[in-house]
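Every chain is numbered from 1, with letters handed out A, B, ... down the list of sequences.
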Amino acid sequence: METLLSVKNLCAAYVQGGQRVRVVDGVSLELRRGEVLGIAGESGCGKSTLAQVLALLARPPLWVEQGEFWLDGTIYHLAQEHRLSRELRGCKVAMLPQGALNALNPTARIREIALEVIRAHQPKTTPQEAYARTQERLERLGLPVRVLEAYPHQLSGGMRQRVVTVISTLLNPKVLIADEPTSALDVSSQKAVVKLLRELLEQRVIEGVIFIAHDLPLLRNVADRIAIMYAGKVVELGPSREMVEASRHPYTKALVEAVLVPEPYIRQRRVEGIEGTPPDLRAPPPGCRFAPRCRYAWARCRELEPPPFGDKERFAACWLLEGMSA
Amino acid sequence: MKSLLQVRALSRTFGSGKRALQAVKGVSFDLAPGEIVAVVGESGSGKSTLARLILRLLSPTEGQMLLEGQDVQRIPLRTYWRSVQAVFQDPYAAFNQFYSVQRLLQKALTLFGPLPTQERKARMHLALQSVGLEPERILGKYPHQLSGGQRQRVMVARAIMLRPRLLVADEPTSALDASLRATVLNLLKDVRQKHGMSIIFITHDIGQAYYLSDRILVMYRGEVVEEGPVEQVVEQSQHPYTKRLLSDVPRFHG
């Protein structure tokens, strides 16, 4: 399949008071046309920062230090181009934020918010045009048109998140970066948002989604491939099913084991969480960053950082996999 | 076995007239000592209102609750809260920003009236140790210096330090990472084992309810629509809403 978006060796850091904390450290990823790529990891692993960078929303104190950003065959140097035009941000790459209530102006009706978004990029649009476009979009996606007249607080959490999804894709961006769009929702509303994203992909409103979440069962269902992040690095990547059924990295395995789903096996044993906390990125440990929490860690893990083993379709960065063919 | 808590036809209406919203409608159930009951439902199903009614943070419009056979309306609040304690969803909101862990725990102990310093210290240490935190390192810390998991563990420690008969846990794991959820749920399991505490576990995640609890109540629009032992409710659910809830859970394996 054709590559839609790719980043190579992306590094981003928060710089404040002379201190530099690198939160995204050498991330390379590819998003294909028509694909949902999932990114999972614990709080503080850098996944939301990565989302900011990918959605071209990085601004001080967050700095992109290096990395190539290829979109549809064009390269953008994020580290140099501090002010990317709105042609790119919002129009080609859009962000679907986490808390829908915080993303919406509480004193504006949905139609006013939609107008504002469209006008920010296409200043000549009349309110009538904007209204018609939003209405048409809602109808096509099977959502009630009456939400246009509503204020954000009048909508349920699930509907609000779907409305934000529609608004953030009004300009037909090629790539949608969804940062935990369903984390605050119950399973039924979650399902509706996921269905909407799939619908947008099928109707070619958008061409690819990067879906960030800490919920593996959700990603297993929504994403075609999953990348696992730990302490700023991608430690494993592969097709969703394989990542769950045949994970290779001890961290991925531990995440999979900690999942609580209503399937009989979980009542038959004690499910263990992952001991300890992710490392302080101000002073990351030498060697493998997961080593301090890893039950398989040995001397080498604490000294040398493991490279990714496998190929670019399916890899894991762990010394245990050295010599294994992918 | 004799019930610890009996809930009888409990209702709560918000607003009045045309705008009246019945958040909890005639809910009845019994809770045995040492039992863990999960209350499961989607957002707006009334499960948190039920939790607040049981905690007596809200008063019911109708119905009655009996704690060990005694009408709770006759029990003074402070006495009631010695028996019934809570852990909430967001440990950051439940934690006074300007209190250290030590001050937070001491404040909670005032429920028991004046205690000798030694006794207070011993209780705080024991409670923190039982949730896997080192008292010496934690007591002086402020909430912003703790991780989300540590904060929630402090809240669980606070609750169990008071040795309540009943713990109401309202979405205690929703704000936590999946890797920490199992840890907190195991903690609740162990507390029940050690102290014979009953737990009402409120959640929208049927997977967690399935892992932790003995019995499940499924709430829908303020009513309990299905109730039974966990295996029965999950594996042979009867009510269409329960079936829908289960079918909406993303499948993990297979």
Say whether [X] and [Y], considering side chains only, have a donor N or O and an acceptor N or O under 3.5 Å apart.
X	Y	value
B:Y220	B:R244	no
A:D186	A:S189	yes
B:H253	A:Y265	yes

In terms of heavy-atom pairs under 4.5 Å, which option from [options] contacts chain B the most?
options	answer
A:G41, A:S43, A:A254, A:A258	A:S43
A:R270, A:H214, A:K191	A:R270
A:V194, A:T277, A:V271, A:I274	A:V271

Rounded to the nearest 0.5 Å, how far apart are CZ of A:R220 and CD of A:E245? 6.0 Å

Would you give me the side-chain donor-acceptor pairs under 3.5 Å for residues 132-146 of chain B, sequence neighbours excluded?
{"from": "B:Q145", "atom 1": "OE1", "to": "B:Y142", "atom 2": "N", "distance (Å)": "2.8"}

Donor-acceptor pair, side chain of [X] and main chain of [Y], under 3.5 angstrom:
X	Y	answer
A:R109	A:E149	yes
B:S179	A:G273	no
A:Q161	A:P97	yes
B:T61	B:T13	yes
A:H249	A:A317	yes
B:Q152	B:F88	yes
A:R198	A:V222	yes

Selection from [options] maximising heavy-atom pairs under 4.5 Å formed with chain A:
options	answer
B:S43, B:S147, B:G44	B:S43
B:N186, B:L212, B:I206	B:N186
B:L245, B:L180, B:D190	B:D190

Part of [X] within contact of chain B (heavy atom distance under 4.5 Å):
X	answer
A:L255	side chain
A:V261	both
A:L216	both
A:N221	side chain
A:V256	both

Among residues 167-174 of chain B, which residues come closer than 4.5 Å to chain A, judged by heavy atom distances? none

With a strict 4.5 Å heavy-atom criterion, list every residue of residues 197-205 of chain B that contacts chain A, or say none. B:H204, B:D205

What part of B:S213 is in contact with chain A, defined as an atom under 4.5 angstrom from a non-hydrogen atom: side chain, backbone, both or neither? backbone

B:L185 versus chain A, heavy atoms under 4.5 Å apart: side chain, backbone, both or neither? side chain

Measure the acute angle between the ring planes of B:Y241 and B:H239, then classify it against the limits of 30° and 60° as parallel, tilted or perpendicular. perpendicular

So if I apply the side chain to side chain donor-acceptor pair (under 3.5 Å) rule between A:Y230 and each of A:E42, A:R289, A:R293, which one comes out positive? A:R293

Output side-chain donor-acceptor pairs under 3.5 Å for residues 229-236 of chain B, partner residues at least two apart or in another chain, one line each.
{"from": "B:E231", "atom 1": "OE2", "to": "A:R267", "atom 2": "NE", "distance (Å)": "2.9"}
{"from": "B:E235", "atom 1": "OE2", "to": "B:Y210", "atom 2": "OH", "distance (Å)": "2.8"}

Think B:K189 forms a cation-pi with B:Y211, using NZ or CZ under 6.0 Å from the six-ring centre and within 45 degrees of its axis? yes

